[in-house]
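Below is one structure, written out as structure tokens; the observations come after it.
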Amino acid sequence: MAKEITSRAQDYSQWYNDLILKAGLADYSAVRGCMVIKPYGYALWENMRDALDKMFKDTGHVNAYFPLFVPKSLFEAEEKNAEGFAKECAVVTHYRLKADPDNKGKLIVDPEARLEEELVVRPTSEAIIWNTYKGWIQSYRDLPILVNQWANVVRWEMRTRLFLRTAEFLWQEGHTAHASKEEAIAETEQMLDVYADFAENWMALPVVKGVKTPNERFAGAEDTYCIEALMQDGKALQAGTSHFLGQNFAKAFDVKFSDKNNKLDYVWATSWGVSTRLIGALVMAHSDDDGLVLPPKIAPLQVVIVPIYKGEEQKAAIDAKVNELMKQLKAAGVSVKYDDNDAARPGWKFAEYEMKGVPVRIAMGARDLENNVAEVARRDTKEKMSLSIDGLADNVVKLLDEIQQNIYNRANAFRQENTREANTWDEFLKLLDEKAGFVSAHWDGTPETEEKIKELTKATIRCIPLNNKQEEGKCVLTGNTSKQRVLFARAY
RNA sequence: CGGGAGGUAGUUCAGUCCGGUAGAAUACCUGGUUUGGGACCAGGGGGUCGCAGGUUCGAAUCCUGUCCUCCCGACCA
């Protein structure tokens, strides 16, 4: 199987598509805009999901599951939210098919089976969840409600890309209800921190925490917080969002509670989510022209061992050593595979596991055994080392940590190099055209200016970084006064 | 949703203009030799040419419709 992918320099988009397909993460499907997540890609998602799920539970959240369908009347209750999503909703109008009288063996939608009320396939679940919460909440003693759900959602996208934007995708959505504004804001911020922690420490993906401008805000939210990451082509990608919803949904669904003084008030809300889009971010942040580069902490397979031998006798000797090593690695919690498939030669396997981004490869041959060593290759730097078999498992565990750190450091250095300040409009244009990346610049704070800049440059305000340095300046477009810089970029 | 390109063996593609028994490489299967960066020899299997109609004695090829993918644009809480 000769697998080659387009180089990043030649065509970054094509490189991404090739990589997803050839590394076996996903496939296209017979449904427009929908992908099949293949076992290797799903294993990656499972690892990400498990790590996040534990973080949610450690912060007091529980999982639940709400329906896929949302009655239209519920969906439209929170007007801004409904309006925001209206253009990309799939809608169920009928509940039955029947045999086509004019076309044997075919089916048609039964016109008799029109639903009295259409069902919206959830693009997000605020509506159905807040309709439910109404029945769960009466007093402050019922609060907070800290619920998360792992689910699929559908957004009818016109232009799709594997993992980055598909019509159906997997995600988690947290929906919490609180007795006070302060508590809800604290929750919103806490979950943003959880996301940033996950991105940096598990995905080795450095992110900027920030707040969205009103233009970019989630429809129905008071404030949208986000983590923004930078991809290797210099485009930004929103990797997660956490919304402070104020009392908007409580008002729309009439969810009130009695406080300690028996005074009625609307409940305060948050919602937050990350999706399979993170896999796209992971691929574009770390991988290279030879294939995926995966952080060891979420790689489906951390170590692969390839034997190199002539004849059964050598194979048996290698098997014995490898079995011992495998035992030690597994005991240390390392996922490891021994690929002694005789149908493929070592060189083929090397290329294949590089394509799949397995962080560490160990090759063991007769020559190594004589010297009591093994060849250890790391995927991130492609460096090869000859290490003693004694204590090899321990050294591999250390190496995995080092790789995790190195991938992060590399991505972090890239982001720093590609975050630049622009002080004039000419500088701003020049940076966007020549270097891409984040451009930190003053903005006068008006939606009109933001819109104008987007029109002229296709760059949007990714976020106003949290704990942003306050400094006097002049808006890069209008020259009006500004108190702080914001991060601009072209984005996915 | 508009413009462009494409869909033929598991994969990458040729064949389509000019209609006449469906091809190559690679992968796969069997046997053998091999094994330190995508092995070699010999033999073998595999495609209703995206799908549905139509024209024709005859359609991968011409016509109509439709589905899926890629690129550009619009859109994208």
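Chain letters run A, B, ... following the sequence lines, proteins first, then strands; residues in each count from 1. None of these values were measured; they are calculated from a predicted model.
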Inset, instruction - Apply side-chain hydrogen bond (donor to acceptor under 3.5 Å, both in side chains) to the pair Thr124(A) and Arg122(A), showing each step before the final yes or no. - result: CA-CA 5 Å; Thr124(A) 179; Arg122(A) 63 180 167 218; over 6 Å; no
Inset, instruction - On RNA chain B, check which nucleotide each of Phe350(A) and Lys80(A) is closest to and give me the residue with the more 5' one. - result: Phe350(A)
Inset, instruction - For nucleotides G50(B) and G31(B), find the distance between their P atoms and express it as a whole number of Å. - result: 36 Å
Legend entry - Identity of whatever pairs with C17(B) - Watson-Crick or G-U, under 3.5 angstrom: none
Legend entry - hbond_proxy Glu354(A) side chain to G37(B) base (donor-acceptor, 3.5 Å cutoff): yes
Inset, instruction - Take atom C1' in G73(B) and the same atom in U56(B), then report the distance between them in whole Å. - result: 41 Å
Legend entry - Counterpart base for A24(B), defined by Watson-Crick or G-U wobble contacts under 3.5 Å: U12(B)
Inset, instruction - Among C75(B), G36(B), A74(B), find the nucleotide with the atom closest to the side chain of Lys87(A). - result: C75(B)
Legend entry - Residues Ser271(A) and His175(A): side-chain donor-acceptor under 3.5 angstrom: no
Inset, instruction - Give one of base, sugar-phosphate or nothing for Ala30(A), where a contact means two heavy atoms less than 4.0 Å apart. - result: sugar-phosphate
Legend entry - Ion pair check, Lys382(A) and Asp290(A), cut-off under 4.0 Å: yes
Legend entry - Interatomic distance, Phe163(A) CZ vs C70(B) P [rounded to whole Å]: 13 Å
Inset, instruction - Rounded to the nearest angstrom, tell me the gap between atom CD1 in Ile5(A) and atom P in G38(B). - result: 18 Å
Legend entry - hbond_proxy Arg361(A) side chain to G37(B) base (donor-acceptor, 3.5 Å cutoff): yes
Legend entry - Whole-Å gap separating P (C70(B)) and OH (Tyr12(A)): 17 Å
Legend entry - Sugar-phosphate, base or nothing in reach of Ser13(A), heavy atoms under 4.0 Å: sugar-phosphate
Inset, instruction - Answer with base, sugar-phosphate or nothing: what part of the nucleic acid does Glu375(A) contact at a heavy-atom distance below 4.0 Å? - result: base
Inset, instruction - Using the C1' atom on both, measure G10(B) against G3(B) and round to a whole Å. - result: 33 Å
Inset, instruction - Determine which nucleotide pairs with G73(B), using a 3.5 Å limit on both distances of a Watson-Crick or G-U wobble pair. - result: C1(B)
Legend entry - U35(B): pairing nucleotide in any strand, Watson-Crick or G-U under 3.5 angstrom: none
Inset, instruction - Indicate, with a heavy-atom threshold strictly under 4.0 Å, whether Arg32(A) touches base, sugar-phosphate, or nothing. - result: sugar-phosphate
Inset, instruction - Fit a plane to each ring of Tyr12(A) and Trp15(A), take the angle between them on a 0 to 90° scale, and name the class: parallel (under 30°), tilted (30 to 60°) or perpendicular (over 60°). - result: tilted
Inset, instruction - For this output row, return yes or no: ring centroids of Trp45(A) and Phe163(A) closer than 6.0 angstrom. - result: no
Inset, instruction - Applying side-chain hydrogen bond (donor to acceptor under 3.5 Å, both in side chains), run through Tyr16(A) and Asp233(A) and close with a yes or a no. - result: CA-CA 11 Å; Tyr16(A) 176 82; Asp233(A) 62 346; over 6 Å; no
Inset, instruction - Counting heavy atoms from C-beta on, name the nucleotide in C75(B), C71(B), G38(B) closest to the side chain of Met158(A). - result: C75(B)
Inset, instruction - Please state how far atom CD in Gln14(A) lies from atom P in U69(B), giving the value in whole angstrom units. - result: 15 Å
Inset, instruction - Using whole Å, report how far CD of Glu88(A) lies from P of C75(B). - result: 13 Å
Inset, instruction - Give one of base, sugar-phosphate or nothing for Ala221(A), where a contact means two heavy atoms less than 4.0 Å apart. - result: nothing
Legend entry - Between U21(B) and A25(B) - C1' atom distance, rounded Å: 23 Å
Inset, instruction - Could you tell me whether Gln238(A) contacts a base, only the sugar-phosphate backbone, or nothing, with contacts defined as non-hydrogen atoms closer than 4.0 Å? - result: base
Legend entry - Under 3.5 Å on both distances, the Watson-Crick or G-U partner of C29(B): G43(B)
Legend entry - U48(B) to U11(B) separation - P atoms, rounded to the nearest Å: 13 Å
Legend entry - Spacing of Arg217(A) atom CZ relative to A77(B) atom C1', expressed in whole Å: 12 Å
Legend entry - First encountered from the 5' end of RNA chain B, between Met364(A) and Thr241(A): Met364(A)
Inset, instruction - Would you classify Asp342(A) as touching base, sugar-phosphate or nothing, given that sugar-phosphate means primed atoms plus P, OP1 and OP2, and contacts are heavy atoms under 4.0 Å? - result: base
Inset, instruction - Decide yes or no, distance alone: a donor-acceptor N/O pair under 3.5 angstrom between the base of C76(B) and the side-chain of Arg165(A). - result: yes
Inset, instruction - Select base, sugar-phosphate, or nothing to describe what Asp11(A) touches, counting heavy atoms under 4.0 Å on all strands. - result: nothing
Legend entry - Cationic N near anionic O, under 4.0 Å, Arg490(A) to Asp433(A): yes
Inset, instruction - Nearest whole angstrom, please: distance from the P of C76(B) to the CZ of Phe85(A). - result: 12 Å
Legend entry - Rounded distance in Å between the C1' positions of A9(B) and C49(B): 10 Å
Legend entry - Among C71(B), G73(B), U35(B), the nucleotide that comes nearest once only the side chain of Ile308(A) is considered: U35(B)
Inset, instruction - Using only side-chain N and O atoms of Tyr28(A), determine if any of them is under 4.0 Å from OP1 or OP2 of C70(B). - result: yes
Inset, instruction - Look at Asn215(A) and A77(B) and indicate whether a side-chain polar atom (N or O) is within less than 4.0 Å of OP1 or OP2. - result: no
Inset, instruction - Assess whether one donor atom and one acceptor atom, taken from the side chain of Arg159(A) and the base of A74(B), lie less than 3.5 Å apart. - result: no
Inset, instruction - Determine whether any donor atom in the side chain of Lys384(A) lies under 3.5 Å from an acceptor atom in the base of G36(B), or the reverse, and answer yes or no. - result: no
Inset, instruction - Answer with base, sugar-phosphate or nothing: what part of the nucleic acid does Gly33(A) contact at a heavy-atom distance below 4.0 Å? - result: sugar-phosphate
Inset, instruction - With a 3.5 angstrom cut-off on both distances, give the Watson-Crick or G-U wobble partner of C51(B), or none if there isn't one. - result: G65(B)
Inset, instruction - Determine whether the aromatic ring centres of Phe488(A) and Phe428(A) lie less than 6.0 Å apart. - result: yes
Legend entry - Given G38(B), U35(B), G36(B), the nucleotide with the shortest approach to the side chain of Lys310(A): U35(B)
Legend entry - Value in whole Å for how far the P atom of G36(B) lies from CG of Leu369(A): 16 Å
Legend entry - Audit row: Glu189(A), Lys209(A), salt bridge (Lys or Arg N to Asp or Glu O under 4.0 Å) steps and yes/no: CA-CA 10 Å; Glu189(A) 288 170 350; Lys209(A) 290 190 277 190; over 6 Å; no
Legend entry - Closest to side chain of Pro346(A), choosing from U35(B), C71(B), A77(B): U35(B)
Legend entry - Rounded C1' spacing from C28(B) to U69(B) in Å: 26 Å
Legend entry - Distance, P atom - from C17(B) to C75(B), rounded to whole angstrom: 41 Å
